[in-house]
Student: 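Have a look at this one before I ask anything.
Below, read A as the first sequence line, B as the second, and so on, with proteins coming before strands; counting in each chain starts at 1.
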2 protein chains.
Amino acid sequence: MNEDRESQCSAAVAEALQVIESKWAFQVISQLYYGSQRFNQLRRSVGEISVKSLTDVLRHLERMQVVHRHVFPTIPVSVEYSLTDKGKEYRKVLLQMREWGEKWTALT
Amino acid sequence: MNEDRESQCSAAVAEALQVIESKWAFQVISQLYYGSQRFNQLRRSVGEISVKSLTDVLRHLERMQVVHRHVFPTIPVSVEYSLTDKGKEYRKVLLQMREWGEKWTALT
DNA sequence: CAGGATCCAGCAAGATACTG
DNA sequence: CAGTATCTTGCTGGATCCTG
């Protein structure tokens with residue numbers, strides 16, 4: 001039986017799903033495709049997101065190794081967020097979504 | 001400026017994201033790849049899902065035209081759920097997720 | 001500036017009981 | 001069988017205040 005294969009596949013998809021589990025994740029990732037951004041900068045460009053939500057999603061993406069956090073010891077400190085290679089390659093998933101979305105929304 | 005292009009792209013991705021917005025959607029869709037299933041049948045194969053949650057996600061997927069609902073006027077009635085063409089093609093997205101997931105979880 | 005801590009409202013989602 | 005209706009609750013996520 002190929003239950004192992006099954007569950008492995010599910011696990012892989014689950015991992016990908018986790019990335020965008022938060023409703024803000026997609027927007028954050030999209031913004032970071034334009035280049036690294038600082039916290040408040042990101043906050044503004046994303047739009048109506050609370051401090052808590054942004055930190056939450058950033059911590060989440062950081063743990064998933066999709067986003068990298070770089071602290072500059074200036075005064076006051078500044079922190080830059082950028083996509084890791086893993087994060088950059090997630091674009092493929094998003095592009096596939098876009099392709100699907102465009103195909104099926106076109107013929108409403 | 002290409003803001004239109006931008007927002008169109010976002011909308012397309014948003015559409016795709018909506019499909020799996022519910023945490024059960026992925027499981028339901030996966031099950032339906034095996035073929036159409038009836039309500040309680042689906043309930044059992046998905047696992048620990050409440051009646052409400054299952055009806056909710058099915059209604060949602062139905063409105064997104066990802067799932068088709070077919071009622072057989074037997075006594076008692078039986079209802080079969082299956083994937084539409086739009087739903088079947090969503091597999092591409094899932095496969096892309098799987099590919100990404102497998103690549104990056106392999107090297108933990 | 002970049003968050004940590006806390007408080008609270010609102011909704012998601014489960015359990016349960018009932019129906020055509 | 002395939003739901004609907006209702007009640008209840010746990011957790012999400014926003015607002016606010018505070019700190020290194």
Student: Could you check whether A:Glu102 pairs with A:Arg98 (Lys NZ or Arg NE/NH1/NH2 to Asp/Glu carboxylate O, under 4.0 Å)?
Tutor: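 Result for this pair is yes, salt bridge flagged.
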Student: Side chains of B:Met64 and B:Gln18: closer than 4.5 Å at any heavy-atom pair?
Tutor: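 Yes, side chains in contact.
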Student: Are OP1 or OP2 of C:dA2 and a side-chain N or O of A:Arg38 less than 4.0 angstrom apart?
Tutor: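 Looking at the OP1 and OP2 atoms of C:dA2, one of them is under 4.0 Å from a side-chain N or O of A:Arg38.
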Student: Check every atom of C:dA2, C:dG3, C:dA15 against the side chain of A:Val77 and return the nucleotide holding the closest atom.
Tutor: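 So the side chain of A:Val77 is nearest to C:dA2.
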Student: Could you state the CD-C1' distance from A:Gln41 to C:dC1, rounded to the nearest angstrom?
Tutor: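 My rounded result for the distance is 12 Å.
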Student: What is the distance from atom CD of A:Glu21 to atom CD1 of B:Ile20, rounded to the nearest 0.5 Å?
Tutor: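 It comes to 11.0 Å.
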Student: D:dA2, C:dA15, D:dA15: which one has an atom nearest the side-chain heavy atoms of A:Lys52?
Tutor: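 Nearest nucleotide to the side chain: D:dA15.
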Student: For B:Leu58 and D:dC1, what is the distance between atoms CG and P respectively, to the nearest whole Å?
Tutor: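 Between P of D:dC1 and CG of B:Leu58: 16 Å.
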Student: Can you tell me how far C1' of C:dG3 sits from CZ of A:Arg69, to the nearest Å?
Tutor: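 Distance check: A:Arg69 CZ to C:dG3 C1' gives 8 Å.
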Student: When you measure from the side-chain N and O atoms of A:Arg44 to the phosphate of C:dC1, is any distance below 4.0 Å, counting only OP1 and OP2?
Tutor: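 Answer no for this pair, as no side-chain N or O of A:Arg44 is under 4.0 Å from OP1 or OP2.
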Student: For a quick check of understanding: with a heavy-atom distance under 4.0 Å over all strands, which category does A:Val79 fall into, base, sugar-phosphate or nothing?
Tutor: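 Since only primed, P, OP1 and OP2 atoms lie under 4.0 Å of A:Val79, the category is sugar-phosphate.
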Student: At 4.0 Å (heavy atoms only), tell me whether B:Tyr81 reaches a base, stays on the sugar-phosphate, or touches nothing.
Tutor: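 Result for B:Tyr81 = sugar-phosphate.
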Student: Of the candidate nucleotides C:dG3, C:dC1, D:dA2, which contains the atom at the shortest distance from the side chain of A:Pro76?
Tutor: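 Minimum distance to the A:Pro76 side chain belongs to C:dC1.
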Student: Please list, chain by chain and in numerical order, all residues satisfying salt bridge (charged side-chain N to carboxylate O under 4.0 Å, His left out) with A:Glu15, sequence neighbours excluded.
Tutor: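 Expected list: A:Lys86.
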Student: Should the ring pair A:Phe39 and A:Tyr81 be called parallel, tilted or perpendicular, given that the plane angle runs from 0 to 90° and is split at 30 and 60?
Tutor: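 Plane angle between 30° and 60°, so tilted.
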Student: Let me know, please, whether A:Trp24 or B:Arg59 comes out on the 5' side of the other along DNA chain D by nearest nucleotide.
Tutor: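 With A:Trp24 and B:Arg59 compared, the 5'-side residue is B:Arg59.
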Student: Which nucleotide wins on minimum distance to the side chain of B:Ser78, given the candidates C:dA2, D:dG3, D:dC1?
Tutor: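 Comparing C:dA2, D:dG3, D:dC1 against the side chain of B:Ser78, the answer is D:dC1.
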Student: Expressed as a whole number of angstroms, how long is the span from A:Asp56:CG to D:dT12:P?
Tutor: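 One finds 9 Å between P of D:dT12 and CG of A:Asp56, rounded.
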Student: In whole Å, I'd like the distance from the CZ atom of B:Phe39 to the P atom of D:dC1.
Tutor: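 After rounding, the reported distance stands at 11 Å.
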Student: Taking CG from A:Leu54 and P from C:dC1, how many angstroms apart are they, rounded to a whole number?
Tutor: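 Result: 14 Å.
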Student: Ignoring backbone atoms, test whether A:Arg43 places a side-chain nitrogen or oxygen under 4.0 Å from the OP1 or OP2 oxygen of C:dC1.
Tutor: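 For A:Arg43, the contact criterion (side-chain N or O under 4.0 Å from OP1 or OP2 of C:dC1) is not met.
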Student: Taking the minimum atom-to-atom distance to the side chain of A:Thr55, which one of D:dA2, C:dG3, C:dA15 wins?
Tutor: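 Given the options D:dA2, C:dG3, C:dA15, the side chain of A:Thr55 is closest to C:dG3.
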Student: Return the nearest nucleotide to the side chain of A:Asn40; candidates are C:dG3, D:dG3, C:dC1.
Tutor: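 Closest nucleotide among those given: C:dC1.
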Student: Could you tell me the separation between the NE2 atom of A:His60 and the C1' atom of D:dT12, rounded to a whole number of Å?
Tutor: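 About 14 Å, once rounded to whole Å.
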Student: Grab the NE2-P distance between B:His70 and D:dG3 for me, whole Å please.
Tutor: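 Interatomic distance, NE2 of B:His70 to P of D:dG3: 13 Å.
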